[in-house]
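Some notes on the structure that comes next.
Keep in mind that this is a model prediction, so the values were computed, not measured. Below, chains carry the letters A, B, ... as their sequence lines are ordered, and counting in each starts from 1.
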2 protein chains.
Amino acid sequence: MVDFSEVDPDRIEPLYEQVADALRAAIRAGEIRPGYRLPSESAIVQETGVSRLTVRRAVQVLVSEGLVTVVQGRGTFVSR
Amino acid sequence: MVDFSEVDPDRIEPLYEQVADALRAAIRAGEIRPGYRLPSESAIVQETGVSRLTVRRAVQVLVSEGLVTVVQGRGTFVSR
DNA sequence: AAATATTTGTACGTATGTATG
DNA sequence: GCATACATACGTACAAATATT
């Protein structure tokens, strides 16, 4: 679903921004539609190799943009 | 300046909120005026006994409220 | 000008708690 | 009860920007 292939610690952009970019791109491309769940934090950790802290910071960016909503115990969802 | 005496891990409120509350109270009381610096992160760590991560989360809360502005290498300042 | 200190920024790991399925 | 998923919180290390000596 989400293409994390460009996430690379050797790039100058902070990792949390790179992860946020990948998630944002997937949402904008309609790969994850409004109301649907993003991959879980631990899934993103596994797919990207970054830490959970970094994933959470990336998600926070999307929350502040109003793109997603986080629900404890359930997941992170694309805003309608 | 800032009264952190009520910051206590045994209270139910998350520590980062407790720290944010103390900073917000000091600002609202005029103990730190607009344009002036808050205590540094490490100073708050020493005064409260919480981790720097927790201090930074507290500051983020105030940033999101528009109460303070953070400048790398300089400090955190009360918004004018 | 240069080195050092201070302060915030990024990022890792680990542990435990809370809410939901 | 158990598994999954997010929440809080500790520690550590190094980088980047700024201020000081």
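- Panel note: side chain B:Thr54, backbone B:Tyr16; no donor-acceptor pair is recorded below 3.5 Å.
- For D:dT4, the OP1/OP2 oxygens have no side-chain nitrogen or oxygen of A:Arg74 closer than 4.0 Å.
- With rounding to whole Å, A:Tyr36 atom OH is found 18 Å from D:dA5 atom P.
- Within the shown strands, nothing qualifies as a pairing partner of C:dA1 under the Watson-Crick or G-U definition with both distances less than 3.5 Å.
- Rounding to the nearest 0.5 Å places CG of A:Leu23 at 10.0 Å from CG of A:Leu67.
- No single ILVMFWY cluster, assembled from side-chain heavy atoms under 4.5 Å apart, contains both B:Val61 and B:Ile27.
- B:Val50 comes within 4.0 angstrom of the backbone, heavy atoms only, and of no base.
- With hydrogens and angles ignored, the 3.5 Å screen pairs a side-chain donor or acceptor of B:Gln18 with a backbone N or O of B:Asp8.
- Checking B:Ser40 against A:Pro14, the closest nucleotide of DNA chain C that is more toward the 5' end is the one next to B:Ser40.
- Between B:Tyr16 and A:Leu53, the one whose closest nucleotide on DNA chain D sits nearer the 5' end is B:Tyr16.
- One distance of note links CZ of B:Arg80 with CZ of B:Arg33; it measures 10.5 Å at 0.5 Å rounding.
- One interatomic measurement links the two molecules: CZ of B:Phe77 to P of D:dA17, which rounds to 16 Å at whole-angstrom precision.
- The shortest distance between the side-chain N/O atoms of A:Arg52 and the OP1/OP2 oxygens of D:dA5 is not below 4.0 Å.
- Remark: C1' of D:dC14 and CG of A:Leu15 are 14 Å apart, rounded to the nearest angstrom.
- One can place CD1 of A:Ile44 at 12 Å from C1' of D:dA5, the figure rounded to the nearest angstrom.
- You'll find that the side chain of B:Gln72 is closest to D:dA16, out of D:dA7, D:dA16, D:dA9.
- At the phosphate of D:dT4, neither OP1 nor OP2 sits under 4.0 Å from any side-chain N or O atom of A:Ser42.
- When atom types are taken as modelled, the side chain of B:Thr76 and the backbone of B:Leu38 share no donor-acceptor pair closer than 3.5 angstrom.
- For the pair B:Gln60 CD and D:dA9 P, the computed distance is 14 Å after rounding to whole Å.
- Linking ILVMFWY residues whenever their side-chain heavy atoms come closer than 4.5 Å, directly or via other members, places B:Val78 and B:Phe4 in the same cluster.
- Think of the region where chain B sits on DNA chain C: with heavy atoms and a 4.0 Å cut, that region ends 5' and 3' at C:dT7 to C:dT10.
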